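Below: one structure, written as structure tokens.
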Amino acid sequence: MKIEVNTHSKNMLRMAREHPEIVVMSADLGTSCEIKEFHEQYPERYFSLGIAEQNMCSWAAGLAREGFRPFIHTFAVFLYRRILDQLEMSVAYPNLPVVFMGFVPGITTPGGVTHQSTNDVGVLRTVPNLAIFDIGDATEIDGVLDMAYNYNGPVYIRMLRKEVPRLFPSSEPMQFNRARVLSEGSDITLLSSSICTEEAMRATAVLKEKGVSVQHLHVSTLKPFTDPQVAEACQKAKYGVVTIENGTVIGGLGSAVADVMAENGIGKRLVKVGLNDTYAHGASKMYLLKKYHMGAMDLIGAVEKLMGKELGIQEQDMEDIRFVDFSAV
């Protein structure tokens, strides 16, 4: 598995070259949100609004009305909890093409509750016109800016930064409102998003060795959520469906899947893995995944629950699992 660095920075510069109407806005977090190089190369298209996210959102709305394409950057928690009124009334209601780049989503920051956007998906799924994209690896960082630009409306992106794995081939970019099929199977249907997809891939590799057939879908478009593959995959699961996500299980990916199952009359059991109605402490990502039961072993526990038997899998069974290095693809 290849680890890549500052992938967003490179793609933001590429987008600037291709689309002169793009402007970048920052809430005093330029370096933390990988737009320092953009500022250096396009200073006339870079606006630092300070620690004033509501004002930044209103500025972005005004620029969008004048034909610019604003990409506003800060930590994800400040793009929904702090500015929800401006996001809804200034951007989403008039359906303006503003892209909200939300960094360190969920438990990917050690900053604790003030910096963790753990219920952002549940809140923002209720906002009309707004699309939501959740990034899982470097390949998706490569493609998400184009997808957001082409959507031509308000977009919220849960963005990863710094050292990011490349789990998927660079020749297979993310697709709007279409899940990525990572494995085919009929015993269990598994849907994962964000950093939890890497954990899911570790788990499914061991489950396969134990003879469990898993249909694994990686979901990067959380709104709209009308991909027909979701219902088809849930319908064919012999034992049931598992979701795993980087945030609360209330209102997020698990809830979206539950809606699809109910709407399509799919009478299968569903187990949701994620934060269970709690805030998280500040600590490393790996520590928090284990503490809040959001990792590979917890996913295996959910599968065992659905199948009604123990599979005898231990943590050490997954320690040596590595994924294909797609860097040359």
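This is a predicted model, so every value here is computed, not measured.
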### Task
Evaluate side chain to side chain contact (heavy atoms under 4.5 Å, CB included) for V144 paired with M174, printing each intermediate quantity in order.
CA-CA 7 Å; V144 72; M174 65 190 301; 3.7 Å; yes
### Task
Treating Ile, Leu, Val, Met, Phe, Trp and Tyr as nodes and any side-chain heavy-atom pair under 4.5 angstrom as an edge, say whether L190 and L253 lie in one connected cluster.
no
### Query
Are Y46 and L63 linked, directly or through other ILVMFWY residues, by side chains that come within less than 4.5 angstrom of each other?
yes
Could you give the distance from [atom1] ([X]) to [atom2] ([Y]), rounded to the nearest 0.5 Å?
X: K290; Y: D298; atom1: NZ; atom2: CG; result: 9.5 Å
X: R158; Y: N246; atom1: CZ; atom2: CG; result: 5.0 Å
X: M12; Y: I141; atom1: CE; atom2: CD1; result: 13.0 Å
X: T189; Y: L306; atom1: OG1; atom2: CG; result: 10.0 Å
X: L87; Y: S58; atom1: CG; atom2: OG; result: 10.5 Å
X: Q54; Y: S90; atom1: CD; atom2: OG; result: 10.5 Å

Evaluate the ring planes of [X] and [Y], with Trp represented by its six-membered ring, and classify them as parallel (under 30°), tilted (30 to 60°) or perpendicular (over 60°).
X: H73; Y: H8; value: tilted
X: F133; Y: F176; value: perpendicular
X: H281; Y: Y292; value: tilted
X: Y42; Y: F38; value: tilted

[X] vs [Y] side-chain heavy atoms within contact, under 4.5 Å:
X: H293; Y: V273; answer: no
X: Y149; Y: H19; answer: yes
X: E198; Y: L167; answer: yes
X: F78; Y: I51; answer: no
X: K208; Y: V214; answer: no
X: Q235; Y: M261; answer: no
X: R178; Y: T221; answer: no
X: T114; Y: V77; answer: no

For [X], look at atom [atom1] and say whether over 12 heavy atoms of other residues, nucleotides or ligands are found less than 6.0 Å away.
X: E163; atom1: CD; result: no
X: K36; atom1: NZ; result: no
X: N150; atom1: CG; result: yes
X: K162; atom1: NZ; result: no

### Task
Mind listing the closest non-hydrogen atom pair of A92 and P154 along with its distance?
CA-CG, 4.1 Å
### Task
Give the minimum heavy-atom separation between A280 and I107, together with the two atoms involved.
CB-CG2, 4.2 Å
### Message
Using side chain to side chain contact (heavy atoms under 4.5 Å, CB included), reason through V127 and K223 one step at a time and then give a plain yes or no.
### Response
CA-CA 10 Å; V127 176; K223 185 174 178 281; 5.7 Å; no
For the backbone of [Y] and the side chain of [X], can you confirm whether one donor and one acceptor N or O come within less than 3.5 Å of each other?
X: S284; Y: Y287; value: yes
X: R69; Y: A64; value: no
X: N11; Y: T7; value: yes
X: T204; Y: M201; value: yes
X: E199; Y: A296; value: yes
X: T108; Y: P105; value: yes

Sidechain N-carboxylate O distance under 4.0 Å for [X], [Y]:
X: D317; Y: R202; value: no
X: R82; Y: E53; value: yes
X: R180; Y: D137; value: no
X: K210; Y: D187; value: no
X: K305; Y: E310; value: no

### Message
Applying side chain to side chain contact (heavy atoms under 4.5 Å, CB included) to E184 and S213, what does each step give before you reach the verdict?
### Response
CA-CA 7 Å; E184 299 274 2; S213 177; over 6 Å; no
### Task
Verify salt bridge (charged side-chain N to carboxylate O under 4.0 Å, His left out) between R166 and E4, making sure each step is shown before the conclusion.
CA-CA 7 Å; R166 188 173 291 278; E4 302 198 8; 2.5 Å; yes
### Query
With sequence neighbours left out, what residues match H218 under side chain to side chain donor-acceptor pair (under 3.5 Å)?
E140, T197
### Query
Can a donor-acceptor pair be found between the side chains of N129 and Y93 at a distance below 3.5 Å?
no
### Task
Begin from the C-alpha positions of E18 and R14 and carry the test salt bridge (charged side-chain N to carboxylate O under 4.0 Å, His left out) through to its verdict.
CA-CA 6 Å; E18 297 173 358; R14 173 183 59 81; 3.4 Å; yes
#### Entry: Test log, rule side chain to side chain contact (heavy atoms under 4.5 Å, CB included), inputs I135 and I157
CA-CA 7 Å; I135 297 303; I157 300 174; 4.0 Å; yes
### Task
Tell me, with the steps shown, if N177 and D227 meet side chain to side chain donor-acceptor pair (under 3.5 Å).
CA-CA 6 Å; N177 196 25; D227 180 2; over 6 Å; no
